[in-house]
> 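Starting off with a structure, shown below.
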Amino acid sequence: MEDAKYAIVIMGSAAGQTKDAVDKLREYGIHVGMIKVRVFRPFPGAELAEALKKCQSVAILDRAESFSGNGGPLGSELKAAMYDAGLKIPTVNYFYGLGGRDYTVEEARDVFKDIREIVRRDETPVQFKYVGLRDRDAKKDQVFDFKGPDKMDIRISGDGIKVSE
């Protein structure tokens, strides 16, 4: 996480797919990272904010929405902790695995692309997004073009990610 520009914060078994995406993207020099939250109470807000302070954007992944209207449980807690720490990093709360759907390495890669695009376009992020609900199969041949110092095309292949320079 020391050199990560883009990070995913996640809980539970889906962290394995995210870790696979992180490892593959790092092989190609893309500065991404992941934090797996293992304990929710007491919430490690100060520690997470400290670990994320050098990131350019952050994705917070929740498996469920909460009744608060402020995102999922992890999203609302982490955004509050980042606010308390004075961090003004663009964050998006993603919801994955709804209805028992699988969360894949490709979807983790798509989340990294999405949060990178927010920074690249200097956009105000949408606060909530859903992963894997529609058009999953339509994306099989989609090319993701990373512009800038880590420019490369990333395509879905048999092992989940194929990079061509």
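Computed from a predicted model, the values in this text were never measured in an experiment.
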> Atom OH of residue position Y83 - does it have more than 12 heavy atoms of other residues, nucleotides or ligands inside 6.0 Å?
no
> Should F128 and L133 be counted in the same cluster of Ile, Leu, Val, Met, Phe, Trp and Tyr side chains packed under 4.5 Å apart?
yes
> Assigning hydrophobic clusters by single linkage (Ile, Leu, Val, Met, Phe, Trp, Tyr; side-chain heavy-atom cutoff under 4.5 Å), is M34 placed with Y94?
yes
> So, for P73 and F40, which heavy atoms are closest and what is the spacing to 0.1 Å?
O-CZ, 3.7 Å
> Between L78 and V131, is there a shared hydrophobic cluster once you connect ILVMFWY residues whose side-chain heavy atoms come closer than 4.5 Å?
no
> So if you build clusters from Ile, Leu, Val, Met, Phe, Trp, Tyr with side-chain heavy-atom gaps below 4.5 Å, do I35 and Y103 land together?
no
> Determine the minimum heavy-atom distance between V39 and V37, stating which atoms define it.
O-CG1, 3.4 Å
> So, taking the atom named CZ in R120 and the one named CD in Q56, what distance separates them when rounded to the nearest 0.5 Å?
13.0 Å
> For E2 and K54, which heavy atoms make the closest approach, and how far apart are they?
O-CD, 4.2 Å
> Between A108 and A21, what is the shortest heavy-atom contact and its length?
CB-CB, 3.8 Å
> Would you compute the distance between atom OG1 of T91 and atom NZ of K79 and round it to the nearest 0.5 angstrom?
4.0 Å
> Could you point out which residue of L74, D62, L61 forms a side-chain contact (heavy atoms from CB on, under 4.5 Å) with V9?
L74
> Check the pair F43 / L48 against side chain to side chain contact (heavy atoms under 4.5 Å, CB included), numbers first and verdict last.
CA-CA 9 Å; F43 190 75; L48 290 171; 3.6 Å; yes
> About how many Å separate CG of L52 and CD1 of I89, when rounded to the nearest 0.5 Å?
6.0 Å
> Between P125 and P90, which heavy-atom pair has the shortest distance, and what is it?
CG-CB, 4.0 Å
> In terms of hydrophobic clusters joined by side-chain contacts under 4.5 Å, are V58 and V119 together?
no
> Taking the side chain as C-beta and beyond, is there a heavy-atom pair between I10 and Y96 under 4.5 Å?
yes
> Which value, rounded to the nearest 0.5 Å, describes the distance between R101 atom CZ and E107 atom CD?
10.0 Å
> At their closest point, which heavy atom of N93 faces which heavy atom of S76, and how far apart are they?
OD1-N, 4.4 Å
> Taking atom NZ of K19 as the centre, does the number of heavy atoms from other residues, nucleotides or ligands within less than 6.0 Å exceed 12?
no
> Can you tell whether the side chains of E106 and R109 come within less than 4.0 Å, N to carboxylate O?
no
> To the nearest 0.5 angstrom, please state how far the CD atom of E117 sits from the OH atom of Y6.
9.0 Å
> Pick from I60, I118, V126: which one makes a side-chain contact (heavy atoms from CB on, under 4.5 Å) with V92?
I118
> Looking at CZ of R63 and OG of S13, how far apart are the two atoms once the value is rounded to the nearest 0.5 Å?
5.5 Å
> Keeping S57 on the side-chain end and I115 on the backbone end, is there a donor-acceptor pair under 3.5 Å?
yes
> Hey, does the side chain of R26 reach the backbone of V32 with a donor-acceptor pair shorter than 3.5 angstrom?
yes
> Tell me if the CD atom of E27 is crowded by more than 12 foreign heavy atoms within 6.0 Å.
yes
> Taking side-chain contact (heavy atoms from CB on, under 4.5 Å) as the criterion, tell me which of D20, V22, T18, D23 meets it with V105.
D20
